[in-house]
2 protein chains.
Amino acid sequence: MSENAESYDPSRYERPSVTVDVVIFTLQDRELHVLMVQRKHWPYEGRWALPGGFINMDESLEQAARRELEEETGVRDIYLEQLYTFGEPGRDPRTRVISIAYIALVSADKQTLRVSDESTDVRWFAISQLPGPLAFDHDTILAAALDRLRSKLEYTTLAFQLLPEVFSILELKHIYEQILGEKLDKGNFYRKIKDAKVLEDTGIRREGRGRPTSLYRFRRNRGDEQFVFRWREARVDDAEG
Amino acid sequence: MSENAESYDPSRYERPSVTVDVVIFTLQDRELHVLMVQRKHWPYEGRWALPGGFINMDESLEQAARRELEEETGVRDIYLEQLYTFGEPGRDPRTRVISIAYIALVSADKQTLRVSDESTDVRWFAISQLPGPLAFDHDTILAAALDRLRSKLEYTTLAFQLLPEVFSILELKHIYEQILGEKLDKGNFYRKIKDAKVLEDTGIRREGRGRPTSLYRFRRNRGDEQFVFRWREARVDDAEG
DNA sequence: CCTTTTAGTGTTAAATATACAATAAGTATA
DNA sequence: TATACTTATTGTATATTTAACACTAAAAGG
């Protein structure tokens with residue numbers, strides 16, 4: 001019994017390594033992208049992998065994820081949520097590694113602040129153009145992250161995290177389409193988003209060729225609680241609940 | 001970068017301990033119960049805690065959870081799902097312990113097979129009558145488990161896992177009413193449950209005063225995948241989506 | 001035969017979702 | 001000034017889902 005072990009002597013137990021891996025999503029060129037790093041050494045030399053790293057003994061799991069995120073993108077204070085913990089014995093050929101996977105959403109305006117430059121081996125990839133099979137079980141992790149993203153999109157305001165501070169309704173609709181992978185009806189979308197009252201008109205307009213776009217801001221609750229705005233009523237389960 | 005570390009030398013890193021904790025639910029006397037073990041030693045001597053234990057180097061996380069579950073209840077082959085991973089640095093005063101929490105559902109008939117008998121310190125508690133503050137952060141873990149359970153009940157077949165092997169449709173309806181806290185329409189319930197095709201007629205009847213009750217069995221998928229039977233289409237939130 | 005209980009079917013109203021059409025409003029540019 | 005382009009919004013018809021309630025049938029016991 002875990003913490004209930006009668007006589008506990010840390011040195012008596014062989015311990016796995018523990019890491020965090022972060023699936024960092026952003027919207028670039030109107031398409032959903034994921035951050036990947038290219039491996040230089042065995043195993044999986046040359047393959048692309050999710051950014052991640054060992055947890056320090058004195059930081060929480062989420063802090064570790066935020067640290068990794070910042071190291072790779074220079075971004076702070078963004079949406080982060082724990083996805084799932086992957087720990088199959090054979091997933092890393094070197095030793096037993098248990099990885100707690102996190103999902104991060106980087107908004108379009110913050111994403112350009114990226115400082116990461118361990119050279120050319122860090123890149124954003126469109127999810128429709130992922131580079132071959134990924135290292136380790138990262139294909140599985142990424143698939144799980146996408147699943148989660150899609151299912152949460154339908155009944156939370158998660159999508160707003162990918163947008164800049166200020167955005168138009170059609171931009172929001174575009175995000176929904178990107179992630180859900182289907183076209184949505186313009187009229188119905190306007191109706192629904194307005195009825196939900198999650199938007200705050202900034203009064204600002206962005207002018208262009210046609211009628212100027214009204215720009216909105218996501219109306220946050222106090223704290224960082226998520227608004228409950230459901231795009232669809234129905235949703236189909238996903239493995240992690 | 002986790003598995004991406006350039007030069008990886010296991011011995012160079014200080015490692016946390018990794019455990020699994022299992023929140024084992026069952027239905028007893030028409031009420032939801034949780035299995036707890038009482039601690040005999042420091043820390044949290046005398047406090048109740050969730051069963052759990054260290055993972056072995058050659059078993060998967062789920063295998064570890066199943067092993068712990070069997071050690072405590074003697075039960076095998078039941079519903080198990082990963083809940084969340086808890087890893088705050090201070091959650092165990094002895095050392096850094098990261099715990100992957102699982103939810104297990106034990107059906108009413110299997111629950112009596114419990115073999116566990118490390119004496120009096122293993123007990124089922126009604127969730128309405130939990131014993132004081134639990135050890136470690138187990139109050140938090142339990143609360144998270146309850147949240148997840150309640151929200152998944154409405155759009156999955158989770159409820160079946162709490163029923164005995166063989167049951168009647170009206171018994172199933174009763175469980176739904178208990179958990180949702182409202183009366184359901186008999187006719188609509190029959191229709192919905194039949195249309196979902198998640199039941200298998202056992203052919204057995206239970207006779208009594210009126211027309212005999214047909215007894216059914218939950219039709220499992222191969223593997224341990226959950227059937228997707230939604231009592232309601234809509235549902236709000238749970239943390240892990 | 002009458003009662004009791006399970007096990008359904010039928011029917012309808014209301015609410016939601018979906019698809020598609022139409023149009024107004026404001027700006028740029030030819 | 002005309003028209004083209006884009007955002008923004010309303011209208012409507014159809015389909016699907018949910019919900020409530022009434023009704024029938026089956027099987028057994030007394």
Side-chain angles (χ1 to χ4, degrees), chain A residues 30 150-151 153-156 159 163-164 166-177 180-219 228-237, chain B residues 153-156 163-164 166-177 179-219 228-236:
Chain A
R30 317 193 104 209
R150 291 206 171 102
S151 77
L153 186 71
E154 301 194 358
Y155 61 98
T156 67
L163 284 168
V166 158
F167 53 86
S168 78
I169 293 188
L170 285 187
E171 281 165 357
L172 179 62
K173 168 171 168 284
H174 188 79
I175 292 225
Y176 270 86
E177 289 175 337
L180 294 178
E182 57 183 305
K183 289 285 287 177
L184 300 176
D185 183 85
K186 186 167 51 111
N188 294 341
F189 193 87
Y190 269 99
R191 234 184 313 241
K192 207 146 197 174
I193 203 75
K194 291 275 174 158
D195 291 351
K197 299 203 186 76
V198 291
L199 294 189
E200 208 175 80
D201 197 333
T202 60
I204 308 167
R205 315 261 139 147
R206 186 167 47 200
E207 311 199 342
R209 260 208 298 287
R211 171 176 175 173
T213 309
S214 292
L215 296 181
Y216 295 85
R217 171 182 300 123
F218 174 50
R219 213 177 79 199
V228 181
F229 160 68
R230 266 161 277 146
W231 166 247
R232 287 216 184 88
E233 284 301 306
R235 63 175 281 264
V236 182
D237 180 23
Chain B
L153 270 167
E154 300 195 0
Y155 61 98
T156 66
L163 283 167
V166 158
F167 53 86
S168 77
I169 293 188
L170 286 187
E171 279 165 359
L172 179 62
K173 170 170 167 284
H174 186 257
I175 291 231
Y176 270 89
E177 288 176 339
I179 296 165
L180 296 177
E182 56 184 304
K183 289 285 285 177
L184 301 176
D185 183 84
K186 186 167 54 110
N188 293 340
F189 193 87
Y190 270 99
R191 227 184 319 243
K192 207 147 196 174
I193 204 75
K194 291 275 173 162
D195 291 352
K197 299 204 187 80
V198 291
L199 294 189
E200 208 175 81
D201 197 331
T202 60
I204 308 167
R205 316 263 137 145
R206 187 166 46 200
E207 310 197 344
R209 264 205 295 287
R211 174 175 171 172
T213 308
S214 291
L215 295 181
Y216 294 85
R217 169 183 301 125
F218 174 52
R219 212 178 79 200
V228 181
F229 160 68
R230 269 161 276 146
W231 169 247
R232 287 221 182 84
E233 286 301 305
R235 217 29 8 180
V236 183

Tell me if the side-chain of A/N188 makes a donor-acceptor pair with the base of C/dA19, cut-off 3.5 Å, by modelled atom types. yes

Comparing nearest nucleotides in DNA chain C, the 5'-proximal residue of the pair A/R205, A/R191 is A/R191

Whole angstroms only, please: what is the [atom1]-[atom2] distance between [X] and [N]?
X	N	atom1	atom2	answer
B/K194	C/dA7	NZ	C1'	8 Å
B/D185	C/dG8	CG	C1'	12 Å
B/R206	C/dA7	CZ	P	9 Å
B/D201	C/dA7	CG	P	9 Å
A/K183	C/dT18	NZ	P	16 Å
B/K186	D/dA22	NZ	P	13 Å
A/L215	D/dT6	CG	C1'	14 Å
A/H174	D/dT6	NE2	P	15 Å

When B/G187 and A/S214 are each assigned the nearest nucleotide of DNA chain D, the 5'-most assignment goes to A/S214

Distance-minimising heavy-atom pair for [X] and [Y]:
X	Y	result
A/L172	A/A159	CD1-CB, 4.5 Å
B/L215	B/S168	CD2-N, 3.8 Å
A/R217	A/V166	NH2-CG2, 4.4 Å

Nucleotides 28-30 of chain D: which of its N/O atoms have a protein N/O under 3.5 Å away?
none

D/dT18 phosphate, OP1 or OP2, under 4.0 Å from B/K192 side-chain N/O: yes

Return no unless some side-chain N or O of A/Y190 is found under 4.0 Å from OP1 or OP2 of D/dT9. no

Identify, with sequence neighbours excluded, every residue that meets side chain to side chain donor-acceptor pair (under 3.5 Å) alongside B/Y216. B/K194

Is the shortest heavy-atom distance from the side chain of B/L184 to the side chain of B/Y176 under 4.5 Å? yes

Nearest 0.5 Å, please: how far is NE2 in B/H174 from CG in B/L163? 11.0 Å

Considering only residues two or more places apart or on different chains, which pairs with a residue in residues 201-212 of chain B satisfy side-chain hydrogen bond (donor to acceptor under 3.5 Å, both in side chains)? B/E171-B/R206

